[in-house]
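Here the structure comes first, spelled out in structure tokens, and everything after it is commentary.
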Amino acid sequence: MRLLFKFNLIFLVVFVAGVLGAGKISYDLLQRNAKEEVLNHARLTMEKAVAIRAYTNDQIRPLLETQMKYTFLPQTVPAYSATEVLATLSKTFPDYTYKEATLNPTNPRDRAVDWEADIVNRFRTQAEQKEFVGERESGTGRALYIARPLRITNAACLACHSTVEAAPRTLIDKYGPANGFGWQMNEVIGAQVVSVPMALPLARAEQTFRVFMGSLIGIFVAIGVVLNVMLYLLVIRPVTALSKVANRVSLGEPDVPEFNTKGRDEIGTLAKSFARMRNSLDQAIKMIDT
């Protein structure tokens, strides 16, 4: 097995191990960063909803209390305001969705579907859990969702949702007496759910991974070519030439030219040592002949 072949075999093993190791580490890192990016977008959307709810409750509702005596205005309900504002945002970004999924809502559009009901029931059975993050398949691909429980902590909410008899007549006139009643203090009645698409961040991560791996392979190949050229010029060629000279000397050829090298490296030292050995051999042969 030639020296150059041995070198390339070892280099190939190192190359494959390095590419596989770097690929695994970089792929996991890029995927994790993509999911973190999506999660940050979801949390930002959730905080927008929380801010809208607080603004509606603190500044809009007090302004409309007089009108509420004559007609029910859903704009005074924090959940309605947050849903409407983020629904407007969804017209520009249709894959971003927000819903206040409720098991027994006043407004039918807020009724939780199967997978949302599972999240609400999870919060109902695990009271200490404040947030839940998961993934699901949507109509446009994989989506990450973040959910937070909707818990009755303000007794004012029960004025409209405790019993049909206690609810304002204007509320009954608008939504009817069938839904949105029987809520209790500290009960989890639903969940705020924000869904954010993962397709674009994951696609960017995949593209970055391909570019990185292509660059890494290109660098390894370039290094391999340079090392092969250097090994051939600095080691293989002078050693091969020195080997031919040594072979001819060993066969007793008298007119073998000197192997000249000006290098001061290990090859040059080897050539000088061979030259001294050859001179010593010639002198020894002359002494024997005389």
Side-chain angles (χ1 to χ4, degrees), residues 42-90 97-134 136 145-196:
R43 286 205 170 102
L44 179 61
T45 304
M46 180 68 77
E47 294 303 325
K48 289 179 182 177
V50 172
I52 294 168
R53 286 171 61 93
Y55 174 78
T56 301
N57 189 64
D58 297 340
Q59 300 191 42
I60 302 299
R61 188 181 184 90
L63 297 176
L64 300 176
E65 285 183 351
T66 301
Q67 291 90 321
M68 286 283 288
K69 295 178 181 179
Y70 306 100
T71 182
F72 183 80
L73 300 174
Q75 292 79 7
T76 62
V77 180
Y80 179 89
S81 296
T83 302
E84 285 294 312
V85 171
L86 293 178
T88 303
L89 180 65
S90 294
T97 62
Y98 172 79
K99 183 177 179 180
E100 303 214 355
T102 310
L103 297 179
N104 181 24
T106 301
N107 192 334
R109 75 173 181 181
D110 296 329
R111 187 172 300 280
V113 296
D114 291 342
W115 69 273
E116 295 168 338
D118 291 339
I119 296 173
V120 176
N121 289 323
R122 182 189 184 104
F123 286 131
R124 288 168 71 92
T125 57
Q126 301 178 17
E128 73 285 352
Q129 189 165 13
K130 305 301 181 185
E131 184 178 272
F132 180 71
V133 177
R136 68 182 187 90
Y145 65 86
I146 179 173
R148 293 178 183 175
L150 286 171
R151 188 184 301 274
I152 302 300
T153 58
N154 187 348
C157 296
L158 300 181
C160 296
H161 298 286
S162 58
T163 63
V164 176
E165 293 75 18
R169 176 51 53 186
T170 54
L171 176 66
I172 303 297
D173 292 341
K174 185 171 183 64
Y175 292 107
N179 299 302
F181 301 103
W183 295 4
Q184 299 178 8
M185 195 66 178
N186 295 319
E187 178 188 13
V188 175
I189 51 91
Q192 293 174 280
V193 182
V194 172
S195 293
V196 178

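All residue numbers refer to positions in the sequence shown, counting from 1.
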Taking Arg148 for its side chain and Glu131 for its backbone only, find out whether a donor-acceptor pair lies under 3.5 Å.
no

Is the shortest heavy-atom distance from the side chain of Glu187 to the side chain of Leu103 under 4.5 Å?
no

Would you call Glu84 and Pro74 a side-chain contact if the rule is heavy atoms closer than 4.5 Å?
no

Using every non-hydrogen atom in the two residues, find where Arg136 and Trp115 come nearest and quote the distance to one decimal.
NE-CZ2, 3.1 Å

Are Leu158 and Trp183 side-chain neighbours, meaning at least one heavy-atom pair lies under 4.5 Å?
yes

In short, Asn179 meets Asn104 closest at the heavy-atom pair CA-OD1, 3.7 Å

If we ignore hydrogens and angles and just use 3.5 Å, is the side chain of Glu116 paired with the main-chain N or O of Val113 as donor and acceptor?
yes

Arg61 side chain to Thr76 backbone, donor-acceptor under 3.5 Å
yes

Can you tell me how far apart CG (Leu73) and CD1 (Ile60) are? Round to the nearest 0.5 Å.
11.5 Å

Is any side-chain heavy atom of Lys99 closer than 4.5 Å to a side-chain heavy atom of Ser195?
no

How long is the span from the CG atom in Leu64 to the OG1 atom in Thr56, to the nearest 0.5 Å?
10.0 Å

Should Glu165 and Phe181 be marked as a side chain to side chain contact (heavy atoms under 4.5 Å, CB included) after you check the CA-CA gap, both sets of side-chain angles, and the distance that decides it?
CA-CA 10 Å; Glu165 293 75 18; Phe181 301 103; over 6 Å; no

How about Gln67 and Gln75: do any of their side-chain heavy atoms sit closer than 4.5 Å?
no

If you measure from CG on Leu171 to CE on Met68, what distance do you get to the nearest 0.5 Å?
8.0 Å

Trace of the side chain to side chain contact (heavy atoms under 4.5 Å, CB included) decision for His161 with Ile152
CA-CA 10 Å; His161 298 286; Ile152 302 300; over 6 Å; no

Heavy-atom closest pair (Ala82 atom, Glu100 atom, distance to 0.1 Å) is CB-OE2, 4.1 Å

Less than 4.5 Å apart, any side-chain heavy atom of Gln192 and any of Leu150?
yes

Name the orientation class of the two ring planes belonging to Tyr175 and Phe72 (parallel below 30°, tilted from 30 to 60°, perpendicular beyond 60°).
perpendicular

Are the side chains of Tyr145 and Ile119 in touch, meaning some heavy atoms are under 4.5 Å apart?
yes

Check Gly180 against Thr106 and note the closest heavy-atom contact, atom names and distance.
CA-OG1, 3.5 Å

How far apart are the closest heavy atoms of Ala147 and Phe123, and which atoms are they?
O-CZ, 3.4 Å

Between the main-chain N or O of Ala159 and the side-chain N or O of Ser162, is there a donor-acceptor pair closer than 3.5 Å?
no

Taking side chain as C-beta onward, heavy atoms only, is Ile52 less than 4.5 Å from Tyr98?
no

Might you point out which heavy atoms bring Ala42 and Ile146 nearest each other, and give the distance in Å?
CB-CG2, 3.5 Å

Tell me whether Arg124 contacts the main-chain N or O of Val188 through its side chain, where contact means a donor paired with an acceptor under 3.5 Å.
yes

Hey, what do you get for OG1 (Thr83) to CZ (Arg53), rounding to the nearest 0.5 Å?
8.5 Å

